[in-house]
Amino acid sequence: MVGVTVPGGAPEAARRLGDMTTTGAHQDTAGTPARGPWWWGRRRSAALDIGLGVLSALECAAEGAGFADDAGLPLPVGVLFGLGVGAVLVLRRRWPIVVVLVSIAVTPAEMGFLMGFVGLYTLAACEVPRRITAALAGMSLAASFLVTFVRVRQDVAAADFETSSWYVPLVSAFMAVALTAPPVLFGLYIGARRRLMESLRERADSLEQELSLLADQAEQRAQLARTEERTRIAREMHDVVAHRVSLMVVHAAALQAVALKDPQKAVKNAALVGEMGRQALTELREMLGVLRSEPVSPPPAARPGAVPPAAVGRPVPAAAAEALAAGEDGPCLGNVEELVEQSRAVGTVVELLVSGDVREYAPEVEQTAYRVVQEALTNVHKHAAGAKVVVRLAHRGDEVAMQVENGPCDGAAADADLPSGGNGLVGMRERVTALGGVFVSGPTDAGGFRVSAVLPAGT
């Protein structure tokens, strides 16, 4: 979210957001040394398991010596047996079930207490199915209870003192639970905590990806907004300046043609050129003044999904262009007659036909209709000088239609040498379709050209 409104671009904001949401998994990956040998993920884990295996082997070797003495076996056999059994604890991460089974198997020999404790903890903490964990924990509990029951009963008999009937079972159960329950419960707690941390890391990674995606989308929306701004400003500049400059060029050509033959007409044409130049400069100055003014933040509902100016990283003139486009002082359908008179002043035969009840429309509708007629007349001056033009305006119930049609041009008078950017028809189509209207243009059967547009009346 922050990346949408931070100046300087959304990718930079996304990078900062990514830094703030770096997960523990990333930190572990960046801060841990190379992977350990075999199945261990880290050398530290391997060192811990080997250390526990050495301690378990020493414990079982000492307990194996006592087991060999009780069983009548040679002492080295019992010690070697204990060393081999205790060393199995090294495999606790790889095969925890095997470690627990071995500890259960040697329980009657009264050895492997460390191995059984650590094995049950590892079994409960890893991803072994819970039914297997419960079964092995129950077997370990039963084995510990039986061995403790026999040993306590022998000790009571050897001590030759009277006890109640519940003493031996109660002590045996207490010892069995003390040897089995703590490692299992602690392992379950550590396993649940580990799974919770993994789920939180995954959620943080997912949020980081979503933030990065939002930042990319914000950058795309900002780029689209900049493109739309440039297009609107270019279209407005074209419509305001091109028409009057085209008329000025036509007047200048006529002035050059009659300067020596009819000085009075030349003076009149020169005055028209000056007046149109002043009008073009006035409109251009007004537009640039609006663009240079302080941008006003548009209301949130003005453009659904629009990016605020802060997202672009610089003052956005789009609001100014829109204000200029929809301003109350902008051109309207009532100025079409004046527009036609300007074309007639340069010698173009223009006929204006109006049908229907004349009424007022929404400002953007009136300005768009005016611009369509203006650009169509500008194209006539550029490409069909001397051709007869018919301008039709039709006021209907819920729409207004306009059509500018010119006949075939006089080849001798058509060489006005006016440059054309090829964007006039494109701009008209964009204006009309943006308001939900219909725009059609193309040559006529008589060799002329026709521009037609229908706009909804609006509110």
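Asn335 contributes atom CG, which lies 5.5 Å from atom OH of Tyr370 (distance to the nearest 0.5 angstrom). The CG atom of Leu91 lies 13.0 Å from the CD1 atom of Ile97; values are rounded to the nearest 0.5 Å. Put simply, SG on Cys126 and CD1 on Ile190 are 13.0 Å apart, with the number rounded to the nearest 0.5 Å. To the nearest 0.5 Å, atoms CG (Leu455) and CZ (Phe439) are separated by 10.5 Å. Annotation: the span from Leu141 atom CG to Leu136 atom CG amounts to 12.5 Å, rounded to 0.5 Å. Here OG1 of Thr368 is found 4.5 Å from CG of Leu435. Values are rounded to the nearest 0.5 Å.
Inter-residue side-chain proximity for Met115 and Val99 is flagged as met; some heavy-atom pair is nearer than 4.5 Å. Here the side chains of Arg450 and Val404 are not in contact, with every heavy-atom distance at 4.5 Å or above. The closest side-chain heavy-atom distance from Arg130 to Thr133 is below 4.5 Å. Looking at heavy atoms from C-beta onward, Arg429 lies in side-chain contact with Ser441 at the 4.5 angstrom threshold. Side chains of Asp49 and Leu89 form no contact here, defined as non-hydrogen atoms less than 4.5 Å apart. Proximity of Leu214 to Gln217: side-chain heavy atoms (C-beta onward) are separated by under 4.5 Å at one or more points. Residues Glu375 and Arg371 are not in side-chain contact: their nearest non-hydrogen atoms beyond the backbone lie 4.5 Å or more apart. Taking the side chain as every heavy atom from C-beta outward, Leu425 and Asn379 approach each other to under 4.5 Å.
A salt bridge is absent between Arg392 and Glu351; no separation between the charged side-chain nitrogens and carboxylate oxygens falls under 4.0 Å. Note on Arg195 versus Glu198: no salt bridge recorded, every NZ/NE/NH1/NH2 to OD/OE distance being 4.0 Å or above. Ion pairing between a basic and an acidic side chain is recognised when a charged N comes within 4.0 Å of a carboxylate O; Arg396 and Glu399 show such pairing.
Checked against the 6.0 Å centroid threshold, Tyr361 and His395 count as a close aromatic pair.
Using modelled atom types and a 3.5 Å distance limit, the side chains of Arg92 and Thr122 yield a donor-acceptor pair.
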Exercise. Are Glu405 and Val389 close enough, and set up right, to give a side-chain contact (heavy atoms from CB on, under 4.5 Å), and what steps lead you there?
Worked result: CA-CA 6 Å; Glu405 180 180 353; Val389 184; over 6 Å; no
For this session: Check the pair Leu339 / Leu377 against side-chain contact (heavy atoms from CB on, under 4.5 Å), numbers first and verdict last.
Result: CA-CA 9 Å; Leu339 191 65; Leu377 291 176; 4.0 Å; yes
For this session: Tell me, with the steps shown, if Val451 and Gln403 meet side-chain contact (heavy atoms from CB on, under 4.5 Å).
Result: CA-CA 6 Å; Val451 173; Gln403 183 183 87; over 6 Å; no
For this session: Under the side-chain contact (heavy atoms from CB on, under 4.5 Å) rule, what do Phe117 and Thr180 come out as? Steps first, then yes or no, please.
Result: CA-CA 7 Å; Phe117 194 92; Thr180 305; over 6 Å; no
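Counting non-hydrogen atoms of neighbouring residues, nucleotides and ligands closer than 6.0 angstrom, the CZ atom of Arg193 reaches no more than 12 such neighbours.
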